[in-house]
Amino acid sequence: MRGRTPRTVAEAEAIQDELRALVDLAGPGPLRPARVAGVDVAYDGERLAAAVAVLDGATLEVVEQVVVGGRVAFDYVPGLLAFREVPALVEAMGRLTVTPDLVVCDGYGLAHPRRFGLACHLGVLTGLPTIGVGKTAFVGSYPVPAAERGSWSELTLDGDVVGRVLRTRDGVKPVFVSVGHRVDLETACHNVLALTPRYRLPETTRVSDQLSRKGLIENVTFE
DNA sequence: GCGACAG
DNA sequence: ATCTTGTCGC
(Lines give C-alpha, C1' and ligand atoms only; values in the text may rest on other atoms or scores of the structure.)
Protein backbone atom coordinates (compact mmCIF):
# COMPACT_ATOMS: atom_id res chain seq x y z
CA MET A 1 0.00 0.00 0.00
CA ARG A 2 2.40 2.70 -1.16
CA GLY A 3 0.40 4.17 -3.98
CA ARG A 4 1.64 4.57 -7.53
CA THR A 5 4.51 6.92 -8.32
CA PRO A 6 3.51 9.07 -11.31
CA ARG A 7 6.09 10.22 -13.86
CA THR A 8 4.32 13.34 -15.01
CA VAL A 9 2.21 16.12 -13.58
CA ALA A 10 -0.81 15.03 -15.59
CA GLU A 11 -0.45 11.50 -14.30
CA ALA A 12 -0.20 12.71 -10.69
CA GLU A 13 -3.30 14.89 -11.04
CA ALA A 14 -5.22 11.97 -12.50
CA ILE A 15 -4.30 9.83 -9.51
CA GLN A 16 -5.49 12.54 -7.13
CA ASP A 17 -8.81 12.83 -8.96
CA GLU A 18 -9.18 9.08 -8.64
CA LEU A 19 -8.23 8.70 -4.97
CA ARG A 20 -10.30 11.71 -3.96
CA ALA A 21 -13.40 9.51 -4.12
CA LEU A 22 -12.04 7.40 -1.28
CA VAL A 23 -11.77 10.24 1.24
CA ASP A 24 -14.12 9.96 4.23
CA LEU A 25 -15.33 13.41 5.27
CA ALA A 26 -18.04 12.14 7.64
CA GLY A 27 -15.88 12.18 10.75
CA PRO A 28 -16.29 12.99 13.50
CA GLY A 29 -12.87 11.70 14.41
CA PRO A 30 -11.38 11.42 17.93
CA LEU A 31 -12.07 14.17 20.46
CA ARG A 32 -9.70 12.76 23.06
CA PRO A 33 -7.25 10.57 21.09
CA ALA A 34 -5.07 8.32 23.24
CA ARG A 35 -2.29 8.37 20.64
CA VAL A 36 -1.56 11.20 18.20
CA ALA A 37 1.11 10.93 15.52
CA GLY A 38 3.03 13.68 13.78
CA VAL A 39 4.78 13.12 10.44
CA ASP A 40 7.42 15.12 8.60
CA VAL A 41 10.14 14.77 5.98
CA ALA A 42 13.57 16.45 5.85
CA TYR A 43 15.76 16.73 2.74
CA ASP A 44 19.38 16.98 1.75
CA GLY A 45 19.53 17.03 -2.01
CA GLU A 46 18.42 13.62 -3.20
CA ARG A 47 18.38 12.10 0.24
CA LEU A 48 15.41 12.33 2.55
CA ALA A 49 14.42 11.20 6.03
CA ALA A 50 10.77 10.56 6.86
CA ALA A 51 9.78 10.58 10.51
CA VAL A 52 6.70 9.68 12.51
CA ALA A 53 6.42 10.49 16.19
CA VAL A 54 3.57 9.14 18.31
CA LEU A 55 2.63 11.12 21.40
CA ASP A 56 0.29 10.36 24.29
CA GLY A 57 -2.75 12.48 23.53
CA ALA A 58 -3.20 13.49 27.16
CA THR A 59 0.34 14.11 28.37
CA LEU A 60 1.90 14.85 24.97
CA GLU A 61 4.84 12.68 25.91
CA VAL A 62 6.56 10.74 23.13
CA VAL A 63 5.44 7.12 22.99
CA GLU A 64 7.25 5.92 19.87
CA GLN A 65 9.44 7.26 17.06
CA VAL A 66 10.36 5.89 13.66
CA VAL A 67 12.65 7.34 10.97
CA VAL A 68 13.37 5.89 7.54
CA GLY A 69 15.80 7.10 4.91
CA GLY A 70 15.01 7.30 1.23
CA ARG A 71 15.49 9.05 -2.09
CA VAL A 72 13.46 11.84 -3.69
CA ALA A 73 11.24 10.27 -6.33
CA PHE A 74 9.19 13.28 -7.38
CA ASP A 75 10.20 16.94 -7.62
CA TYR A 76 8.21 19.46 -5.65
CA VAL A 77 5.28 20.91 -7.54
CA PRO A 78 2.67 23.02 -5.72
CA GLY A 79 -0.40 20.81 -5.38
CA LEU A 80 1.55 17.58 -5.77
CA LEU A 81 3.54 17.58 -2.54
CA ALA A 82 2.13 14.21 -1.49
CA PHE A 83 3.90 12.36 -4.29
CA ARG A 84 7.17 13.59 -2.86
CA GLU A 85 6.54 12.73 0.80
CA VAL A 86 3.81 10.12 1.14
CA PRO A 87 5.73 7.01 -0.02
CA ALA A 88 8.40 7.44 2.67
CA LEU A 89 5.81 8.38 5.28
CA VAL A 90 3.77 5.26 4.59
CA GLU A 91 6.96 3.22 4.93
CA ALA A 92 7.73 4.83 8.28
CA MET A 93 4.21 4.38 9.60
CA GLY A 94 4.26 0.77 8.61
CA ARG A 95 7.04 0.22 11.13
CA LEU A 96 5.05 1.50 14.09
CA THR A 97 4.15 -0.98 16.81
CA VAL A 98 1.23 1.14 18.02
CA THR A 99 -1.67 2.46 15.94
CA PRO A 100 -2.30 6.23 16.16
CA ASP A 101 -5.88 7.44 16.70
CA LEU A 102 -5.05 10.58 14.75
CA VAL A 103 -2.27 11.66 12.40
CA VAL A 104 -1.28 15.33 12.11
CA CYS A 105 0.33 16.21 8.78
CA ASP A 106 2.53 19.10 7.72
CA GLY A 107 0.58 20.83 4.98
CA TYR A 108 -2.97 20.78 3.70
CA GLY A 109 -5.80 18.28 3.31
CA LEU A 110 -9.13 19.25 1.75
CA ALA A 111 -7.88 22.80 1.21
CA HIS A 112 -6.29 21.89 -2.09
CA PRO A 113 -6.83 22.74 -5.78
CA ARG A 114 -8.35 19.30 -6.38
CA ARG A 115 -9.49 18.80 -2.77
CA PHE A 116 -6.87 16.14 -2.18
CA GLY A 117 -3.86 17.46 -0.31
CA LEU A 118 -1.17 15.49 1.52
CA ALA A 119 -3.33 14.85 4.60
CA CYS A 120 -6.12 13.30 2.48
CA HIS A 121 -3.60 11.24 0.53
CA LEU A 122 -1.88 9.83 3.62
CA GLY A 123 -5.26 9.15 5.21
CA VAL A 124 -6.58 7.18 2.25
CA LEU A 125 -3.39 5.13 1.97
CA THR A 126 -3.18 4.28 5.69
CA GLY A 127 -6.87 4.25 6.50
CA LEU A 128 -6.17 6.35 9.60
CA PRO A 129 -7.86 9.59 10.68
CA THR A 130 -5.71 12.51 9.43
CA ILE A 131 -5.71 16.31 9.48
CA GLY A 132 -3.47 18.88 7.82
CA VAL A 133 -1.83 21.82 9.58
CA GLY A 134 -0.08 24.27 7.27
CA LYS A 135 2.31 27.00 8.37
CA THR A 136 1.73 29.31 5.39
CA ALA A 137 -1.08 30.16 3.00
CA PHE A 138 -1.54 27.95 -0.03
CA VAL A 139 -5.05 28.10 -1.47
CA GLY A 140 -8.25 29.86 -0.48
CA SER A 141 -9.06 33.26 0.96
CA TYR A 142 -9.83 34.27 4.52
CA PRO A 143 -10.32 37.17 6.90
CA VAL A 144 -7.55 37.57 9.47
CA PRO A 145 -8.74 35.93 12.73
CA ALA A 146 -8.77 37.80 16.05
CA ALA A 147 -5.47 37.93 17.94
CA GLU A 148 -6.42 35.61 20.81
CA ARG A 149 -5.52 31.93 20.88
CA GLY A 150 -8.53 29.90 19.81
CA SER A 151 -9.84 32.53 17.40
CA TRP A 152 -10.40 31.38 13.85
CA SER A 153 -11.84 32.31 10.48
CA GLU A 154 -13.08 30.30 7.52
CA LEU A 155 -10.76 29.40 4.69
CA THR A 156 -12.83 29.53 1.51
CA LEU A 157 -12.06 28.18 -1.94
CA ASP A 158 -14.44 28.43 -4.89
CA GLY A 159 -17.32 29.14 -2.54
CA ASP A 160 -16.59 26.15 -0.29
CA VAL A 161 -15.35 26.22 3.29
CA VAL A 162 -12.23 24.06 2.99
CA GLY A 163 -10.55 24.81 6.30
CA ARG A 164 -9.92 27.25 9.12
CA VAL A 165 -7.20 29.78 9.82
CA LEU A 166 -6.60 29.13 13.51
CA ARG A 167 -4.74 31.21 16.08
CA THR A 168 -2.87 28.84 18.39
CA ARG A 169 -1.00 31.56 20.34
CA ASP A 170 -1.99 35.11 21.29
CA GLY A 171 -0.71 37.58 18.73
CA VAL A 172 1.20 34.97 16.78
CA LYS A 173 0.82 34.09 13.09
CA PRO A 174 -2.07 31.60 12.74
CA VAL A 175 -1.92 28.12 11.22
CA PHE A 176 -4.05 26.70 8.40
CA VAL A 177 -6.14 23.69 9.41
CA SER A 178 -7.99 21.42 6.99
CA VAL A 179 -9.34 17.90 7.32
CA GLY A 180 -7.65 14.93 5.74
CA HIS A 181 -9.61 11.71 6.28
CA ARG A 182 -12.23 10.50 8.78
CA VAL A 183 -12.15 13.72 10.85
CA ASP A 184 -14.43 16.77 10.69
CA LEU A 185 -13.14 20.34 10.75
CA GLU A 186 -14.42 21.15 14.25
CA THR A 187 -12.73 18.08 15.72
CA ALA A 188 -9.56 18.82 13.78
CA CYS A 189 -9.31 22.30 15.31
CA HIS A 190 -10.07 21.00 18.81
CA ASN A 191 -7.15 18.64 18.46
CA VAL A 192 -4.80 21.30 17.13
CA LEU A 193 -5.53 23.47 20.16
CA ALA A 194 -4.96 20.51 22.47
CA LEU A 195 -1.59 19.97 20.80
CA THR A 196 -0.49 23.60 21.15
CA PRO A 197 -0.38 24.33 24.89
CA ARG A 198 2.81 26.32 24.48
CA TYR A 199 3.96 26.79 20.91
CA ARG A 200 2.42 27.91 17.63
CA LEU A 201 2.84 24.50 15.99
CA PRO A 202 1.45 21.18 17.29
CA GLU A 203 3.82 19.20 19.53
CA THR A 204 3.46 16.34 17.05
CA THR A 205 4.79 18.55 14.26
CA ARG A 206 7.65 19.86 16.35
CA VAL A 207 8.80 16.41 17.46
CA SER A 208 8.56 14.79 14.02
CA ASP A 209 10.31 17.77 12.42
CA GLN A 210 13.19 17.51 14.84
CA LEU A 211 13.29 13.75 14.41
CA SER A 212 13.44 13.85 10.60
CA ARG A 213 16.31 16.35 10.61
CA LYS A 214 18.22 14.34 13.15
CA GLY A 215 17.68 11.23 11.04
CA LEU A 216 19.13 13.00 8.03
CA ILE A 217 22.30 13.96 9.88
CA GLU A 218 22.76 10.54 11.39
CA ASN A 219 22.39 8.95 7.98
CA VAL A 220 19.68 6.65 9.29
CA THR A 221 18.34 3.90 7.05
CA PHE A 222 18.92 4.35 3.30
CA GLU A 223 17.58 3.16 -0.02
C1' DG B 1 -1.23 36.50 -20.70
C1' DC B 2 1.25 37.17 -15.91
C1' DG B 3 2.13 35.92 -11.21
C1' DA B 4 1.36 32.83 -6.98
C1' DC B 5 2.12 28.56 -5.25
C1' DA B 6 1.74 23.35 1.20
C1' DG B 7 6.90 21.41 1.94
C1' DA C 1 12.26 22.12 2.01
C1' DT C 2 16.95 24.71 2.36
C1' DC C 3 20.57 28.63 2.56
C1' DT C 4 21.71 31.28 7.84
C1' DT C 5 23.62 34.98 13.56
C1' DG C 6 22.38 37.57 16.47
C1' DT C 7 18.85 39.69 18.75
C1' DC C 8 14.44 41.64 20.79
C1' DG C 9 10.84 40.20 23.93
C1' DC C 10 7.95 37.43 27.21
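Order of the sequence lines fixes the chain letters, A, B, ..., with proteins taken first and strands second; residue numbering starts at 1 for each chain.
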Angle between ring planes, A/His121 versus A/Phe83, binned at 30° and 60°: parallel, tilted or perpendicular? perpendicular
Could you check whether A/Gly134 gets within reach of a base, just the sugar-phosphate, or nothing at all, counting any heavy atom under 4.0 Å? sugar-phosphate
Calculate the interatomic distance between A/Leu155 atom CG and B/dA6 atom P; express it in whole Å. 13 Å
Rounded distance in Å - CG (A/Asp40) to C1' (C/dA1): 9 Å
Between A/Asp106 and A/Lys135, does at least one N-O distance fall below 4.0 Å, as a salt bridge requires? yes
What are the two closest heavy atoms between A/Leu25 and A/Leu110, and how far apart are they? CD2-CG, 4.2 Å
Expressed in angstrom and rounded to an integer, what is the separation of A/Phe138 atom CZ from B/dC5 atom P? 10 Å
Ignoring backbone atoms, establish whether A/Thr136 has a side-chain N or O less than 4.0 Å from OP1 or OP2 of B/dG7. yes
A/Leu166 CG to B/dA6 P, straight-line distance once rounded to whole Å: 20 Å
Rounded interatomic separation in angstrom, taking NE2 from A/His112 and P from B/dG7: 13 Å
Heavy-atom closest pair, residues A/Cys120 and A/Val23: CB-CG2, 4.0 Å
A/Gln16 atom CD is separated from B/dA6 atom P, nearest whole Å, by 14 Å
Looking for any heavy atom pair under 4.0 Å, which part of the strands does A/Gly79 touch: base, sugar-phosphate only, or nothing? base
Remember a base hit wins even if backbone is also touched, and classify A/Ala111 as base, sugar-phosphate or nothing at under 4.0 Å, heavy atoms. nothing
If stacking means aromatic ring centre less than 5.5 angstrom from the base's six-membered ring centre, planes under 30°, is A/Tyr108 stacked on B/dA6? no
Whole-Å distance separating the CZ atom of A/Arg213 from the C1' atom of C/dA1: 9 Å
Check every strand shown and say whether A/Tyr76 touches a base, only sugar-phosphate, or nothing at a heavy-atom separation below 4.0 Å. base
Using only side-chain N and O atoms of A/Lys135, determine if any of them is under 4.0 Å from OP1 or OP2 of B/dA6. no
Whole angstrom is fine here: how far is it from CG in A/Leu157 over to C1' in B/dA4? 14 Å
Quick one: label A/Leu89 by what it contacts on the DNA or RNA (base, sugar-phosphate, nothing), any heavy atom closer than 4.0 Å. nothing
Can a salt bridge be assigned to the pair A/Asp209 and A/Arg206 using a cut-off of 4.0 Å between side-chain N and carboxylate O? no
